[in-house]
There are 2 protein chains.
Amino acid sequence: MGPDPTTAPREPRADEDVAERLRSAGLSPTQRRRRVLEAVEHRQRPVSAHELYVELAGQGHRVGMSTVYRALSALAEAGLLHVFAGDGETRYRLCAAGRHYHLVCRRCGTVREYPADDDGAWLDRIAADADFQPDPRKAEVQGVCGTCLRAGQNGTAG
Amino acid sequence: MGPDPTTAPREPRADEDVAERLRSAGLSPTQRRRRVLEAVEHRQRPVSAHELYVELAGQGHRVGMSTVYRALSALAEAGLLHVFAGDGETRYRLCAAGRHYHLVCRRCGTVREYPADDDGAWLDRIAADADFQPDPRKAEVQGVCGTCLRAGQNGTAG
DNA sequence: ATATTTGCAAACTGTTTGCATGTGT
DNA sequence: ACACATGCAAACAGTTTGCAAATAT
């Protein structure tokens with residue numbers, strides 16, 4: 001917040017990190033794009049364009065809806081964000097580097113990235129077994145996360 | 001149509017099968033619903049409401065779009081159809097009985113159901129390992145099927 | 001100075017809904 | 001007869017797009 005780098009001359013603040021990331025993804029690190037990436041980054045559950053718009057507006061930032069949409073699309077296309085298509089709204093979430101697939105909780109919506117190699121190369125087995133070449137980044141398992149499971153043991157049984 | 005069962009008393013035609021299925025799903029087997037279920041049933045790749053509408057219209061059947069939407073939703077809710085959320089359009093596909101997950105081909109759109117037990121209970125491993133209770137019916141792996149793979153070996157390398 | 005990016009508002013697409021009519025039992 | 005399913009058209013939600021003003025390099 002204090003634009004006085006006297007005492008912090010070299011420290012790569014998250015801010016700069018984000019800009020860097022945008023740059024190496026081939027996107028000019030404009031203020032809006034940085035804001036969007038930052039906002040997405042801190043979330044465990046995928047976020048929709050509208051949610052983001054509201055959040056940014058709530059922080060006093062003037063951003064147009066179309067800008068949010070455009071930023072999100074660009075970031076996704078650049079491989080920085082994962083896309084989740086669920087009911088009607090498209091949602092986005094930060095995308096990690098390694099081979100992994102997604103564990104998405106049906107109750108709280110949180111998405112966890114599960115290393116695709118921790119499970120004995122399950123994906124590779126599919127490749128051989130089913131004559132199918134899986135994309136580890138596009139594998140998704142829905143279910144209920146432990147937290148929600150314990151929280152709602154007595155909920156809607158079925 | 002012909003309220004005269006004199007000559008066709010006992011034969012379980014596919015038609016009746018479909019009706020039966022609807023009934024046991026708690027849905028009255030109306031003509032439109034039967035048509036929709038039949039039309040979905042014969043497809044390997046999930047179909048959208050609009051595609052179905054066009055197909056039915058092409059067969060000379062008068063069906064309203066909203067009816068198609070309503071039928072599809074009802075069938076999905078009854079567990080007879082799987083829902084695929086991909087880009088913008090919701091798509092539906094017949095849902096098999098056993099534990100399985102989906103192998104969806106990014107190129108041709110075909111979805112194959114892969115028995116969830118053929119792979120050493122991968123899903124169960126997740127449950128224990130990641131503190132997450134997976135829903136076998138809601139697991140989806142995207143990739144490229146063998147057919148498309150072989151057909152387009154020289155295509156867009158990447 | 002020049003190429004991008006942004007915001008706005010209007011256009012679009014896929015989907016849902018109210019209501020009168022038609023259909024199944 | 002009666003409840004439910006259907007069709008139509010209008011309403012909606014999410015998303016995209018054209019274009020002039022703002023911004024970045």
Side-chain angles (χ1 to χ4, degrees), chain A residues 15-16 18-20 22-40 46-57 59-78 81 83-92, chain B residues 1-5 15-16 18-20 22-40 46-57 59-78 80-81 83-92:
Chain A
D15 198 43
E16 285 184 9
V18 164
E20 180 102 347
L22 284 166
R23 223 182 291 269
S24 52
L27 298 170
S28 31
T30 69
Q31 195 168 100
R32 312 299 139 103
R33 295 219 256 246
R34 267 180 284 155
R35 293 243 175 80
V36 167
L37 182 49
E38 271 166 18
V40 172
V47 66
S48 74
H50 187 252
E51 284 171 350
L52 227 45
Y53 172 74
V54 170
E55 173 168 325
L56 293 174
Q59 292 171 6
H61 297 137
R62 177 175 304 293
V63 199
M65 273 266 41
S66 43
T67 300
V68 176
Y69 276 106
R70 285 191 269 233
L72 249 17
S73 303
L75 290 169
E77 192 152 337
L81 260 37
V83 183
F84 294 85
D87 40 31
E89 280 189 323
T90 305
R91 290 186 138 75
Y92 301 83
Chain B
M1 302 283 186
D4 191 338
D15 197 43
E16 283 186 9
V18 164
E20 180 102 348
L22 284 167
R23 223 183 292 269
S24 53
L27 299 169
S28 29
T30 69
Q31 195 167 102
R32 313 301 140 105
R33 295 219 257 245
R34 267 179 284 155
R35 293 241 175 82
V36 168
L37 182 48
E38 271 165 20
V40 172
V47 66
S48 74
H50 185 252
E51 284 171 348
L52 226 45
Y53 172 74
V54 170
E55 173 167 325
L56 293 176
Q59 292 171 4
H61 296 139
R62 178 176 303 293
V63 199
M65 273 266 42
S66 43
T67 300
V68 176
Y69 276 106
R70 284 191 269 232
L72 249 16
S73 303
L75 291 169
E77 192 152 337
L80 269 58
L81 260 37
V83 184
F84 294 85
D87 41 30
E89 280 189 323
T90 305
R91 290 186 138 75
Y92 301 83

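The basis for the numbers below is simple: all heavy atoms, side chains too, and nothing from hydrogens, waters or symmetry mates. By convention in this document, chain letters (A, B, ...) are assigned in the order of the sequence lines, proteins followed by strands, and residues within each chain are numbered from 1. Because the structure is a prediction, the values reported are computed rather than measured.
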Answer with base, sugar-phosphate or nothing: what part of the nucleic acid does [X] contact at a heavy-atom distance below 4.0 Å?
{"X": "Ser28(B)", "answer": "sugar-phosphate"}
{"X": "Arg70(B)", "answer": "base"}
{"X": "Thr30(B)", "answer": "sugar-phosphate"}
{"X": "Thr90(B)", "answer": "sugar-phosphate"}

Distance in angstrom units between [X] [atom1] and [N] [atom2], rounded:
{"X": "Arg23(A)", "N": "dT25(D)", "atom1": "CZ", "atom2": "P", "answer": "7 Å"}
{"X": "Leu75(B)", "N": "dA5(D)", "atom1": "CG", "atom2": "C1'", "answer": "13 Å"}
{"X": "Met65(B)", "N": "dT17(C)", "atom1": "CE", "atom2": "P", "answer": "15 Å"}
{"X": "Tyr69(B)", "N": "dA10(D)", "atom1": "OH", "atom2": "C1'", "answer": "15 Å"}
{"X": "Arg33(B)", "N": "dT25(C)", "atom1": "CZ", "atom2": "C1'", "answer": "14 Å"}
{"X": "Arg91(B)", "N": "dT13(C)", "atom1": "CZ", "atom2": "C1'", "answer": "13 Å"}
{"X": "Tyr53(A)", "N": "dT16(D)", "atom1": "OH", "atom2": "P", "answer": "17 Å"}
{"X": "Leu22(B)", "N": "dT23(C)", "atom1": "CG", "atom2": "P", "answer": "19 Å"}

- Looking only at side-chain atoms of Arg32(A), point me to the closest of dG14(C), dG7(C), dG7(D).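 Closest nucleotide to the Arg32(A) side chain: dG7(C).
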
- Between Glu55(A), His61(A), Gln59(A), which is the residue that forms a side-chain hydrogen bond (donor to acceptor under 3.5 Å, both in side chains) with Arg35(A)?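 It is His61(A); the other options fail the test.
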
- Task: Give a yes or no answer on whether the side chain of Arg32(B) reaches the backbone of Arg62(B) with a donor-acceptor pair at less than 3.5 Å.
- Result: yes

- Message: Closer than 3.5 angstrom, by distance alone: can the side chain of Arg23(A) be matched with the main-chain N or O of Pro29(A) as a donor-acceptor pair?
- Response: no

- So which one's nearest nucleotide on DNA chain C is more toward 5', Pro29(B) or Leu27(A)? Leu27(A)

- Message: With a 4.0 Å limit, can you tell me whether Ser66(A) has a side-chain N or O closer than that to the phosphate oxygens OP1/OP2 of dT17(D)?
- Response: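 Answer no for this pair, as no side-chain N or O of Ser66(A) is under 4.0 Å from OP1 or OP2.
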
- Side chains of Leu22(B) and Leu75(B): closer than 4.5 Å at any heavy-atom pair? yes

- Task: With the side chain counted from C-beta on, respond yes when Leu52(B) and Val63(B) share a heavy-atom pair under 4.5 Å apart, and no when they do not.
- Result: no

